[in-house]
Amino acid sequence: MNFTMLITVLLTAVTLVAGAYVIAKLIGPRSYNRLKGEPFECGIPTRGSSWIPIHVGYYLFAILFLMFDVETVFLYPWAVTVGQFGAAALLSIGFFLVVLAFGLAYAWRKGALEWK
């Protein structure tokens with residue numbers, strides 16, 4: 001990729017983003033009032049404070065789930081092409097699964113998978 005092509009791509013990207021922003025500002029609705037700034041849930045006004053502390057364990061559990069779920073998705077392409085690559089594919093997926101197992105053991109040992 002030469003320098004001119006890179007500059008062209010960057011200028012095109014900046015122009016499209018700036019153009020979309022300007023068009024949205026020009027034709028977008030402009031209705032500002034105090035009620036718009038109020039927090040609500042499903043159209044029903046909230047009772048009490050909307051800022052309640054949520055235990056960080058929920059976020060950690062969700063991130064761990066997503067991490068292991070996405071890593072498991074990588075097993076499908078391997079299963080489709082394992083016949084073409086033979087022993088090299090078997091060794092690479094074995095290493096992948098060992099790293100995955102160590103990650104799970106670490107999270108388990110740290111207590112990240114326990115609901116308290």
Side-chain angles (χ1 to χ4, degrees):
M1 183 187 245
N2 59 19
F3 185 70
T4 323
M5 190 182 262
L6 179 66
I7 294 297
T8 304
V9 169
L10 288 175
L11 285 176
T12 303
V14 168
T15 304
L16 287 175
V17 169
Y21 181 75
V22 168
I23 290 171
K25 280 293 187 184
L26 289 175
I27 65 173
R30 291 183 189 92
S31 140
Y32 303 105
N33 58 26
R34 194 174 68 85
L35 190 58
K36 274 189 159 184
E38 294 292 319
F40 69 96
E41 185 173 336
C42 300
I44 301 169
T46 57
R47 287 179 281 175
S49 174
S50 297
W51 294 97
I52 57 171
I54 296 176
H55 193 268
V56 73
Y58 294 114
Y59 298 111
L60 183 59
F61 195 83
I63 288 172
L64 286 171
F65 172 76
L66 286 174
M67 182 180 71
F68 287 113
D69 190 44
V70 168
E71 287 178 352
T72 305
V73 168
F74 287 127
L75 292 176
Y76 179 74
W78 171 81
V80 171
T81 61
V82 69
Q84 298 171 358
F85 297 110
L90 188 60
L91 287 174
S92 66
I93 202 63
F95 179 72
F96 178 77
L97 290 175
V98 165
V99 170
L100 192 63
F102 276 134
L104 179 61
Y106 177 78
W108 199 338
R109 177 92 193 260
K110 288 291 187 180
L113 302 176
E114 296 176 9
W115 291 103
K116 296 178 184 176

Listing, residues 81-106 side-chain donor-acceptor contacts under 3.5 Å, not counting sequence neighbours, or none:
| residue | atom | partner | partner atom | Å |
| --- | --- | --- | --- | --- |
| Thr81 | OG1 | Pro77 | O | 3.0 |
| Ser92 | OG | Ala88 | O | 3.3 |
| Ser92 | OG | Ala89 | O | 2.9 |

When the side chains of residues 5-29 are checked against the rest of the protein, which donor-acceptor pairs come out under 3.5 Å, sequence neighbours left out?
| residue | atom | partner | partner atom | Å |
| --- | --- | --- | --- | --- |
| Thr8 | OG1 | Thr4 | O | 2.7 |
| Thr12 | OG1 | Thr8 | O | 2.7 |
| Thr15 | OG1 | Leu11 | O | 2.6 |

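For Phe68, the CZ atom is densely surrounded, since the number of other residues' heavy atoms within 6.0 Å is greater than 12.
Val70 and Val80 fall into different hydrophobic clusters, where Ile, Leu, Val, Met, Phe, Trp and Tyr side chains are chained together by heavy-atom contacts under 4.5 Å. Trp108 and Ile63 fall into different hydrophobic clusters, where Ile, Leu, Val, Met, Phe, Trp and Tyr residues are linked whenever their side-chain heavy atoms come under 4.5 Å apart, directly or through other members. Linking ILVMFWY side-chain heavy atoms closer than 4.5 Å, directly or via other members, places Leu75 and Leu64 in a single hydrophobic cluster.
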